[in-house]
2 protein chains.
Amino acid sequence: MSRRPTLVDVARLAGVSRATAARAIAGQPTVDPALAARVEEAARELGYTTNPAARALRRGRAGAVAIVVPASDAQGQSGPFTAAPIRAATRVIFDAGQQPVLLLDEGRDTDRLVRHLSAGHVDAAVVILLYESVELDQVLADVPIPVAHVGRPSSERSADGWFVEADQAGGGRQAAETLLDAGRHRLATLAGPDHFGPGRERLQGFADRCREAGVDPGPRVPGEYELEAGTRAAEELLRQRPDVDGIFATSDLVAAGALRALAAAGRRVPDDVAIVGFDDTVVAATSDPPLTSVRQPFDELGTRAARLALALLAGTAEGPRRQVVPTTVTVREST
Amino acid sequence: MSRRPTLVDVARLAGVSRATAARAIAGQPTVDPALAARVEEAARELGYTTNPAARALRRGRAGAVAIVVPASDAQGQSGPFTAAPIRAATRVIFDAGQQPVLLLDEGRDTDRLVRHLSAGHVDAAVVILLYESVELDQVLADVPIPVAHVGRPSSERSADGWFVEADQAGGGRQAAETLLDAGRHRLATLAGPDHFGPGRERLQGFADRCREAGVDPGPRVPGEYELEAGTRAAEELLRQRPDVDGIFATSDLVAAGALRALAAAGRRVPDDVAIVGFDDTVVAATSDPPLTSVRQPFDELGTRAARLALALLAGTAEGPRRQVVPTTVTVREST
DNA sequence: GTGAAAGCGCTAACAT
DNA sequence: ATGTTAGCGCTTTCAC
């Protein structure tokens with residue numbers, strides 16, 4: 001017979017009862033070492049592994065944890081950023097002996113997602129909502145399993161959830177410090193779209209830190225998070241403040257676009273103007289010159305959120321309901 | 001009571017036996033429509049959903065399909081590329097009513113991965129091996145579930161597996177056509193590392209297409225897939241063939257690096273020299289000028305591989321064991 | 001067309 | 001310390 005061996009087969013081969021076999025395999029201390037050894041030997045010989053479905057049924061737990069991410073394609077806003085927390089969370093969940101189940105929030109058909117999360121397929125969820133999907137975390141509040149969020153509670157409904165997020169304002173402060181340390185005092189910022197909350201916080205942190213140092217944060221030129229928008233915004237900035245010597249862009253793409261405007265205007269970077277980007281993407285590494293950029297701890301966010309989900313599941317979660325993880329600065333040649 | 005309702009609860013409320021309830025919910029035609037309606041109503045009222053663990057135990061299937069990816073971080077070679085097939089495969093698997101389980105191949109501890117795949121946690125697997133892990137697909141040959149690969153059989157052992165891959169040589173041909181169509185005849189290529197098989201195929205396709213057109217494919221300057229390497233390679237190329245008017249780089253990063261060397265040498269792109277990159281990454285979109293680039297159908301690969309895995313599971317797989325999907329050219333301003 | 005009942009493989013409560 | 005046994009919830013014969 002080639003059917004998968006069950007506990008009964010192992011017990012028989014070892015000459016013990018199912019119960020003893022089960023206990024031996026579970027590593028319970030109340031088993032005679034000699035018997036335990038026989039059971040282990042039998043299990044190895046037969047290639048026994050416990051049947052996950054049977055265990056799940058018996059325990060009332062699926063043995064799986066969902067990782068929920070927005071489905072936006074790789075070109076989308078958060079595409080490049082979700083990969084790191086997904087991997088980190090996957091690793092933590094798998095290492096904890098659970099199955100990491102990846103679920104995409106397609107926007108449409110959120111119901112289906114919620115139903116899946118409520119149907120016993122998974123025991124807990126890590127939800128990665130870096131920037132989008134205000135509505136998603138509203139619906140998630142109804143899900144009957146523990147949920148750990150990466151990102152920010154975007155609705156009051158979800159305000160009592162568990163969150164792990166990057167310190168956006170702190171990132172802005174680090175950008176300010178980087179420019180101030182380089183002796184820049186004629187500053188300016190290239191902002192993202194107004195509706196993008198984290199971007200606003202970055203600017204707020206930047207401004208706060210500047211003021212603490214007694215330096216004017218300078219004008220704030222808004223724009224989309226796109227390369228051309230960065231170029232245009234920087235052109236506008238050069239009109240508004242021709243003597244600028246330090247720029248903080250809340251996105252690498254914008255910073256990279258600004259580099260072009262600066263080059264076109266004959267400003268040398270960093271000699272005449274220093275510039276700091278945000279997100280430390282591949283664009284920062286490949287622009288000319290490569291950009292100093294503020295990096296969000298995406299791995300760490302994923303790791304922490306997954307640990308949090310597991311702790312919530314085990315009932316051992318403690319500490320604040322909202323963890324804020326600091327950003328870091330990757331220094332390259334633009335400052 | 002607040003425990004999840006079971007089929008028994010539904011049956012009782014509907015006034016039928018479990019068996020009938022089960023049949024009604026499974027949509028079997030051998031049920032009196034009136035009863036079926038009552039069952040459906042009862043199920044809705046109670047908020048019944050079938051218990052996946054019980055179903056899995058009974059059916060002998062986990063109801064889950066693995067997606068196996070290399071764990072290399074976002075900086076790694078394949079990091080940016082695996083995201084698309086992962087998403088596509090996830091979508092297909094979820095839409096088929098199965099759980100997409102994400103598994104990372106960390107390199108170390110491949111055994112653990114194989115054990116997981118063999119233990120009944122999942123019924124089939126999609127393995128995304130765009131470039132790496134020669135050993136992984138060797139080990140996977142022993143896994144007792146159907147496996148569909150994205151990428152290439154890299155060992156003879158796995159040569160009888162099922163594969164979906166991008167047409168690398170075809171991509172090289174498209175690059176050649178793009179340059180030839182632009183009237184370029186003094187060509188050259190910037191190659192990747194010799195050990196990288198797909199890169200060699202791209203060049204082969206390029207050379208084949210050139211020769212078909214009666215044009216010399218020109219010198220081939222090797223280098224790593226990095227920006228600076230691209231700059232150096234292009235400098236070397238300009239020495240070897242100063243009259244070059246069309247360049248194919250087998251990586252966007254190399255192409256972007258080459259743009260710098262060309263600019264430094266006073267060559268205008270595309271007026272003096274046209275250049276085609278490969279992979280259509282964000283670097284292609286943000287370089288100056290933006291690069292025309294060959295795009296691999298990563299979504300399509302993921303979609304097809306997931307469908308293939310499901311078909312293998314259902315026993316309905318047909319067609320060739322190796323599917324080759326064409327690349328496309330994204331035209332920007334470098335040609 | 002419907003119901004009764006067995007059993008998937010495991011775990012844990014209970015008995016010894 | 002070990003064995004016996006019930007039962008998790010579903011699916012699917014088998015009998016009517």
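Residue numbers start from 1 in every chain, and the chains themselves are labelled A, B, ... in the order their sequence lines are given, proteins ahead of strands. All values derive from a computational prediction rather than experimental measurement.
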Margin query: Whether A/Asp95 and B/Arg112 form a salt bridge (side-chain N of Lys/Arg under 4.0 Å from carboxylate O of Asp/Glu) is what I want to check.
Written below: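 Yes.
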message = Taking A/Arg38 first and then A/Glu41, would you say they form a salt bridge - that is, a charged N and a carboxylate O separated by under 4.0 Å?
response =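 Salt bridge: no.
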Side chains of A/Leu308 and A/His149 in contact at under 4.5 Å (non-hydrogen atoms):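 They are not in contact (no side-chain heavy atoms under 4.5 Å apart), so the answer is no.
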Exercise. Does a side-chain heavy-atom distance below 4.5 Å link A/Val101 with B/Val101?
Worked result: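 Answer yes - side chains close enough.
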Compute whether any side-chain donor of one residue and acceptor of the other, for A/Thr303 and A/Arg91, lie under 3.5 angstrom apart.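 No pair is found: no donor N or O on one side chain lies under 3.5 Å from an acceptor on the other.
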- Are any of B/Thr6's side-chain N or O atoms less than 4.0 Å away from OP1 or OP2 of D/dG9?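 For D/dG9, neither OP1 nor OP2 has a side-chain N or O of B/Thr6 closer than 4.0 Å.
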Residue pairs, two or more places apart or on separate chains, that pass side-chain hydrogen bond (donor to acceptor under 3.5 Å, both in side chains) and touch residues 306-326 of chain A:
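Residue pairs passing side-chain hydrogen bond (donor to acceptor under 3.5 Å, both in side chains), neighbours aside: A/Glu165-A/Arg322, A/Arg304-A/Gln323.
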Practice problem: Quick one: do A/Val325 and A/Asp167 satisfy side-chain contact (heavy atoms from CB on, under 4.5 Å)? Show the steps, please. | Solution: CA-CA 6 Å; A/Val325 187; A/Asp167 187 356; over 6 Å; no
Quick one: pull up OG1 in A/Thr82 and CG in A/Leu301 and give me the separation to the nearest 0.5 Å.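 If I round to the nearest 0.5 Å, the distance is 12.5 Å.
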B/Ala54 vs B/Ala19, nearer the 5' end of DNA chain C by closest nucleotide: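 Closest to the 5' end, via its nearest nucleotide, is B/Ala19.
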Starting at the 5' end of DNA chain C, which residue's closest nucleotide do you reach first, A/Asn51 or B/Val16?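 By nearest-heavy-atom nucleotide position, the 5'-most residue is B/Val16.
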| query | Nucleotide range of DNA chain C contacted by chain B, 5' to 3', under 4.0 Å to a heavy atom? | reply |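 Range of nucleotides within reach of chain B: C/dG1 to C/dG9.
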Rounded to whole angstroms, how far apart are [atom1] on [X] and [atom2] on [N]?
X       : N      : atom1 : atom2 : answer
A/Arg55 : D/dG9  : CZ    : C1'   : 18 Å
B/Leu7  : D/dT12 : CG    : C1'   : 13 Å
B/Asp9  : D/dC10 : CG    : C1'   : 13 Å
B/Leu57 : D/dT12 : CG    : P     : 12 Å

(Q) Treating B/Asp123 as the side-chain partner and B/Gly63 as the backbone partner, does any N or O pair qualify as donor plus acceptor under 3.5 Å? (A)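 Yes, the answer is positive, given that a donor and an acceptor are paired below the 3.5 Å cut-off.
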- prompt: Which residues in residues 21-42 of chain A have at least one heavy atom lying under 4.0 Å from any atom of DNA chain D?
  reply: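 Heavy-atom contacts with DNA chain D come from A/Arg23, A/Thr30, A/Val31, A/Asp32, A/Leu35.
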Original post:
Taking for each residue the nucleotide of DNA chain D with the nearest heavy atom, is it B/Thr50 or A/Gly15 whose nucleotide lies nearer the 5' end?
Top reply: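 Whichever sits nearer the 5' end wins; that is A/Gly15.
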